[in-house]
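The next block holds one structure in the form of structure tokens; read it before the comments.
These numbers come from the heavy atoms of this one structure, side chains and all, not from hydrogens, waters or symmetry mates. Indexing begins at 1, ligand by ligand and atom by atom, following the structure's order. Predicted model only: the values in this text are computed from it and were never measured.
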Amino acid sequence: MTDQLIIFDTTMRDGEQSPGASMTREEKVRIGRQLERLRVDVIEAGFPAASPGDFESVKAVASVIKDSTVCGLARAQENDIRRTGEAIALAVSGRIHTFIATSPIHMEKKLRMTPEQVLDAAVKAVTLARSYTDDVEFSCEDAVRSDPDFMCRVIEAVIKAGARTINIPDTVGYAIPFQYGALIESLMTRVPNSDQAIFSVHCHNDLGLAVSNSLAAVLAGARQVECTINGLGERAGNAALEEIVMALKTRRDVFNLDTRIDTTQIVAASRLVSTITGFPVQPNKAVVGANAFAHESGIHQDGVLKHRETYEIMRAEDVGWNANKLVLGKHSGRSAFKARLAELGIGLDSEVAVNAAFQRFKELADKKHEIFDEDIHAIVSEELTELQNEHYALVSLMAHSETGEQPQARLVIALGGVEQQTQSSGSGPVDAAFKAIENVVKSGAELQLYSVNNITSGTESQGEVTVRLSRGGRIVNGLGADTDIVVASAKAYLSALNKLDARTERVSPQV
Ligand code: KIV
Ligand code: ZN
């Protein structure tokens, strides 16, 4: 048994299935590059058969990533496998991950297939996938609620057909650690050719047990863990990569396993995913939350000052806290800015895009003296959203609030290039700005979430606002950043409206 654990990141596939977390092709490339810097072994970049956009995104990630395997997800159907095979064709190392449900409830009620038909489809899918790549993974969807005897048959058959990784997902987050560990151990023992494949786990967090279940499975012999940055994912999310990796590293005495991960890249990855998806990280989130290394109680502070290990089991710098170096200031030139973009793995397509981002950087540097990597990511995210699809844009904003008076906002917004003035009052300046926008746009969208984060610390930091809007069953997150949070809020609202108008529907259902 190897002493290496394979880290399979599915932030851009399962993570993208969180409501409103969809990512553009360029955003996926940026996240892909950061995951490569983090040194994850496998990057699941999307579900190519779901839509032409998903296909192009996986293809784009596959063509730029050199040091991680790039994987695409496919149902056990011919068209899905072929699309995925085409999408990963340019990868230095490409994987097809195919799956079909094996639980009675899914086979009967969802697939309307008999177990024999499922077995047959699984083998056909793996055989076809092997004609595109040697690296094929097979998942028994809803494995935890499947009959282990039937799973043993399916797993043996797909290994014979050429699957090199067998994934046992807890699709609905139902598992309990000791039972899940026992299931993995029993499958590995009972399947006669199990030594020809790596066993993998993929846990959802519906009962808050995704990380615990994954680690129980690792102790039982699993050698690949599927996880996401910040635990992003369908419903309550997936196992958080940063928690799995730091548990292995911190408790090496228990696990005795290595990963390839460069843990100092964890915080940067967390920030990037949060910025791009608009999903803030809760302050008390393990490893990457703002309070993860903050000590409030006097007794703790005193202990840490005397001897760090009295209350700290990990070092903040080992996961990349405090690594957001001061990179540029107001006197930095365009070439320094461009060089920093390259170091951050941000490739802007054209000189127009670089110039526009540089212009924003200069404006920000005038207001805020210290520019950190997070600021640059925020600038670029905003810039790209606008370049790609800027029907609605903020031209100017004036907000007024005074104790005892009703807050007012007056805005000029451009609609398809035509400027229009609008104003409203509201319960606060942000509410007034949103109402003023709706007075002219009349989007019919429902505001589902409004959140503000400061990108770096201090009151002169940029505020980063997420606005989640829904309309007709579609959900989008808009992002806006500015040192003025009312401006950031208006930008985020307009960005969400742009996405709402632009997003293309997926042609096949999500997993
Ligand atoms: O949760 C799940 O079962 C999945 C599979 C497609 C691996 O995401
Ligand atoms: Zn999943």
Checklist outcome for this item: With heavy atoms and a 4.0 Å threshold, my read on which part of Arg75 contacts ligand 1 is neither
Checklist outcome for this item: Within the 4.0 Å heavy-atom cut-off, what Thr171 brings close to ligand 1 is both
Checklist entry - Below 4.0 Å from any atom of ligand 1, is there a heavy atom belonging to Gln17? => result no
Item to check | contact_flag Glu234 ligand 1 heavy-atom lt 4.0 Å | outcome: no
Checklist entry - Do Arg83's NZ or CZ and the ring of Phe55 fall within the cation-pi criteria of under 6.0 Å and 45°? => result yes
Next on the checklist: With side-chain contact (heavy atoms from CB on, under 4.5 Å) as the criterion, how do Cys227 and Asp9 come out once you've worked through the C-alpha distance, each side chain's angles and the decisive distance to 0.1 Å?
Outcome noted: CA-CA 5 Å; Cys227 44; Asp9 179 277; 5.6 Å; no
Checklist entry - Using a distance-only test with no angle check, is there a side-chain donor-acceptor pair under 3.5 angstrom linking Arg468 and Tyr450? => result no
Do any nitrogen or oxygen atoms of [X] lie less than 3.5 angstrom from nitrogen or oxygen atoms of ligand 1?
X: Asp142; result: no
X: Ser139; result: no
X: Glu141; result: no

Next on the checklist: Could you check whether any side-chain heavy atom of Gln224 comes within less than 4.5 Å of a side-chain heavy atom of Ile7, counting everything from C-beta outward?
Outcome noted: no
Item to check | Short side-chain to backbone donor-acceptor contact, Ser139 and Glu141, under 3.5 Å | outcome: no
Item to check | Check ion pair Arg260-Asp67 (N to O, under 4.0 angstrom) | outcome: yes
Checklist entry - Between the candidates His204, Glu226, Arg235, His97, which shows the shortest non-hydrogen contact distance to atom 1 (O) of ligand 1? => result His204
Item to check | Aromatic ring pairing Tyr493/Phe434, orientation class (parallel under 30°, perpendicular over 60°, tilted between) | outcome: tilted
Checklist entry - Near His202, which atoms of ligand 1 are under 4.0 Å from a heavy atom of that residue? => result 1 (O), 2 (C), 4 (C), 7 (C), 8 (O)
Checklist entry - Would one find an N, O or S atom of Asp14, in either backbone or side chain, under 2.8 Å from the Zn ion (ligand 2)? => result yes
